[in-house]
Amino acid sequence: MSSIERGWYDTYMMPNYAPAQMIPVRGSGSRLWDQDGREYIDFAAGIAVNALGHAHPALVEALTEQANKLWHTANVLVTEPALLLAKKLVALTFADKVFFSNSGAEANEAALKLARRFAFDHFGEKKCRILSFDNAFHGRTLFTVTAGGQQSYREGFGPLPGGIQHLPFNDIEALEDAFDSDVCAVIVEPIQGEGGVIAAESEFLKRIRELCDQYQALMIMDEIQTGVGRTGSLYAYQAFDVIPDLLTTAKALGGGFPIAATLTSDKVAASLAVGTHGSTWGGNPMGCAVANAVLDIVSASAVLTGVSERRQRLEEGILAIGQQYGVFEQVRGMGLLIGCVLAEPWTGRARDFMQAAQNEGLFVLVAGANVLRVAPSLIIPKDDIDQGLVRLQKAVAKICEAKGQAAG
Ligand SMILES: *Cc1c(COP(=O)(O)O)cnc(C)c1O
């Protein structure tokens, strides 16, 4: 028994989150245990972060080995893990250059600032408009939350940065209408994660690319949630066959250790000259050491093909539960980023389903009020998938039973 209590959250921490009542103390693979020793199956992976599950031996080794060598130098010095990781990311993607930071929001902040600066350097300060999309999520700094498409996340934080216009997602006509030569960047998620697990249409991404080329604007792909194998490709742009000018990656990159990166071409990177931008911890050796191990494992073809096998197994199970109880209208997303859209009369109750699953010993996520999101470890064992599905079925059965009783 621990003397540390959940009640302390309400006493000592700012109330911006609403964490579960249980407190996890240990994880291994796709299982977690709370203070009382109760076991949970993890279909959430820390919001698509723990791509290799909890306490993966190779990541523990990479981190402890680095911890015994060098923790931090600040960017007056570059370290071996940072050099190795930058070289690796360049080899695995379209990019020529990498900038490291600590979180998704910071990676997007850097991408947006760089896009503005690039336009300023080459075309003058009038070219500063940024196009983004309704329901998008790009982080919680003032710039990124303004670029994001959720009005409620911006409310009361004004004055907000200007020059950002939101357009309907997957609407080519609206995009064409909004574009002009003052646009410096378009920021888009290949699959809107927080916004409800909604994939961009391939034609839509291709049109963004064309218009960016036509108007000399930069295409920023926010792959913070979709990157590092989540969709079955190392990065989703590779499956969509649309190459961005800037790409941001975070979440799974450190497998649970905070690290993020902004990737781009030589030409664009040149605008981030000495002194233009920076971060105290960005590219710190601990984060880079773990990310090197993550990328080595995830970029192996066995892990990426395993993603589609696991997707199939999960999707079949979820669809079966959906049919049995009539709770899901649609199962969408790519790879192991799965959105289960609630059907009538369950619309708006995603959090209830998440809570019911937790009561049965299963962690799932929501993506808005209407979508249950499943984003497990990319290497979740098949047995954990099957047992997790049993728990999900029990949770759904209980919710339906409660509704039946309320109606009767
Ligand atoms: C999580 C997320 C972010 C923000 O990342 P943080 O590390 O929380 O700052 C940005 N964009 C997308 C698509 C995300 O899923």
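Whatever order the structure lists ligands and atoms in, that order sets their numbers, starting from 1.
- The shortest non-hydrogen separation linking Gly368 to Ala350 is O-CB, 3.8 Å.
- Note that the CG atom of Leu167 and the CG atom of Asp177 stand 9.0 Å from one another [nearest 0.5 Å].
- Only one option out of Arg116, Lys126, Arg129, Lys127 pairs with Asp182 in a salt bridge (Lys or Arg N to Asp or Glu O under 4.0 Å); it is Lys126.
- By the criterion of a heavy-atom distance under 4.0 Å, the side chain of Asn108, and not its backbone, is placed next to ligand 1.
- Annotation for ligand 1: atoms under 4.0 Å from non-hydrogen atoms of His138 are 10 (C), 11 (N).
- In terms of N/O distances under 3.5 Å, ligand 1 is not approached by Gly139.
- The pair Lys382-Glu309 counts as a salt bridge, with a side-chain nitrogen and a carboxylate oxygen less than 4.0 angstrom apart.
- Polar contact with ligand 1: present for Phe137 (N/O pair, distance under 3.5 Å).
- Scanning the protein for heavy atoms near atom 6 (P) of ligand 1, the closest one is Gly104 N, 3.4 Å.
- Distance from atom 2 (C) of ligand 1 to its nearest protein heavy atom, with residue and atom name: Lys251 NZ, 2.5 Å.
- A distance of 7.5 Å separates CZ in Phe204 from CG in Asp171, rounded to the nearest 0.5 Å.
- Contact annotation: for Ser103 versus ligand 1, heavy atoms closer than 4.0 Å belong to both the backbone and the side chain.
- Residues Asp121 and Ser271 bring a donor and an acceptor atom of their side chains to less than 3.5 Å of each other.
- Using a 4.0 Å cut-off to heavy atoms of Ala105, the atoms of ligand 1 that qualify are 4 (C), 5 (O), 6 (P), 9 (O).
- Inspection of the Glu155 and Ser152 side chains reveals no N or O donor paired with an N or O acceptor under 3.5 Å.
- If you check the side chains of Thr249 and Tyr235, you find a donor sitting under 3.5 Å from an acceptor.
- Checked by distance only, ligand 1 and Glu194 stay at 3.5 Å or farther apart across all their nitrogen or oxygen atoms.
- When distances from atom 8 (O) of ligand 1 to the protein are checked, no heavy atom turns up under 4.0 Å.
- Protein heavy atom in closest approach to atom 11 (N) of ligand 1: Asp222 OD2, 2.7 Å.
- Comparing Gln192, Glu189, Glu109 against atom 13 (C) of ligand 1, the shortest heavy-atom distance belongs to Glu189.
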